[in-house]
Each structure stands twice: as structure tokens, then as C-alpha cells.
Amino acid sequence: GAFMQIEQYRDSLLLLMVSIAAVNDLTTRRLPPRLLFAGLAGALVLHGLSVDPGAALLSALGGMLLGLAIFLPFYLVRGMAAGDVKMMAVVGFFTGPAEAFQIVVLTWCAGGVMALLLVVLRSRVRAALVNIGHVLFGLFVPGTKVSDTAHVQSVGSMPYGLAIAFGTIVVLVTHYGRARSW
């Protein structure tokens, strides 16, 4: 019925948003706040039109809080950009907590693979090993200050928007394959 369509509109909007975000992240290395805000507004409207708007909004807030709770610590230790955290929060707002958690797990998997690829592609394996060497040296050799080792170049920032998009698309596609074959 009409309510089934609402869910499909919501998933389509989410797919569109994460796809644009992924392309933006790859090409410009940023996630446009306006895109995320537009997605959030669209999700809000569609939740409001669902069978049980109250339950839908509660689930959406739960998903948003879950995304924030898991990714915020990474932002605070500079392992992730603010845009990535906001994007995961908006994705969670679309999906609710259960699917948001699946997306987070897949994002980590995709992010891990991407991080490895980046290290290899940028042929910074040596730099990474030197980094590890410095850190281990600093841990096991007393008197080495962390600041002595801090000048080694970092392994480079990650387009996490792409990883989140990947996780989102996989969860939505498997969701359709399972629950919506009728």
C-alpha cells in the first residue's frame, strides 16, 4: 500500500544521498553539509508520513544517536572528519538503530580495506613501518619522548563517506532481497 511506498521512497532518498556524498568525498574530500541537511529533512518528512510517525521518529533518533555514539570518539581522537560523523548520524536517522549498527560494522570493514589499499597504493608501507618502529622504540626504550617520533608523516586521510555509502548500500540491498521479495 501507500505506506510500503513511503519506506521505498525513504530508502531511495537514502541511496541517492549516500551516492552523492561518496562521489563528493572522493572528488573533493568533503561531505557537503547542505546535502546531509537535505537528507535529514527528507527523512523527517517521510518518517512523519509513515504508519506510526511516533515510533518512526523514535527509531530515527535512536539510529542517529547510535551513529553519533559510535563515530564521535573517532572524531575526537582525530581518526575521522566531522563530516563523516554527521553523515553516519543522518544515515542512522534514515534507518533506525538496528540497520545503523549493521552499516557501522560494514563501514569499519570497508574502511579497513580502504586504509590498507591507501597504504599500499601510496607506497607508504615503509613510512608505516617506520611509524610502527618509532612507536615501538618509544614504548620499549626509556627516555624517548613521543614528540621525537611525531614528525613521521601520517598515512593519509580516509574517504570515510565512501565506506559509509558502501555499508548503507549493502544493508539496503540485502534488506530488499530478504524482507521484500513479496
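Below, all heavy atoms of this structure are taken into account, side chains as well, without hydrogens, waters or symmetry copies. Being a predicted model, the structure only gives us computed values, none of them experimental.
H47 and F93 have perpendicular rings, their planes meeting at more than 60° on a 0 to 90° scale where under 30° would count as parallel.
Contact check for F74 versus V85: no side-chain heavy atoms found under the 4.5 Å cut-off. Side chains of V91 and M17 form a contact here, defined as non-hydrogen atoms less than 4.5 Å apart. Side chains of L40 and M64 form a contact here, defined as non-hydrogen atoms less than 4.5 Å apart. The shortest distance between side-chain heavy atoms of F94 and I103 does not fall below 4.5 Å. Looking only at side-chain heavy atoms (C-beta outward), T95 and D11 stay at 4.5 Å or farther from each other. Counting only heavy atoms from C-beta outward, the side chains of Y160 and T107 approach each other to under 4.5 Å. In this structure the side chain of L31 never reaches within 4.5 angstrom of the side chain of K86, judged on heavy atoms. For the pair I70 and M88, the minimum side-chain heavy-atom distance is 4.5 Å or more.
In the hydrophobic clustering of ILVMFWY residues, with side-chain heavy atoms under 4.5 Å counting as a link, L172 and V23 come out apart. Tracing side-chain contacts under 4.5 Å through hydrophobic residues (I, L, V, M, F, W, Y), one reaches V104 starting from V170; they form part of the same cluster. Cluster annotation: L106 is not connected to L116 through the hydrophobic network of ILVMFWY side chains, with a link wherever side-chain heavy atoms come within less than 4.5 Å. If you chain together hydrophobic residues whose side chains sit under 4.5 Å apart, L58 and F101 never meet in one group. Residues F166 and V173 are members of one and the same hydrophobic cluster, defined by side-chain heavy-atom contacts under 4.5 angstrom among Ile, Leu, Val, Met, Phe, Trp and Tyr.
A163 and G111 get closest at one heavy-atom pair: CB-N, 3.9 Å. The two atoms that bring R29 and M158 nearest to each other are NH2-O, 3.0 Å, heavy atoms only. Of all heavy-atom pairs between L46 and I6, the closest is O-CG2, 3.4 Å. The shortest non-hydrogen separation linking P73 to L68 is CD-O, 4.2 Å. Closest approach of G48 to P53, counting heavy atoms only: O-CG, 3.5 Å. Shown here for Q8 and S12, the closest heavy-atom pair between the two residues is O-OG, 2.7 Å.
With hydrogens and angles ignored, the 3.5 Å screen pairs a side-chain donor or acceptor of N24 with a backbone N or O of I20. No donor-acceptor pair closer than 3.5 Å links the side chain of T28 to the backbone N or O of D25.
The CG atom of L44 lies 10.0 Å from the CG atom of L49; values are rounded to the nearest 0.5 Å. With rounding to the nearest 0.5 angstrom, the CD atom of Q102 is 11.0 Å from the OG1 atom of T168.
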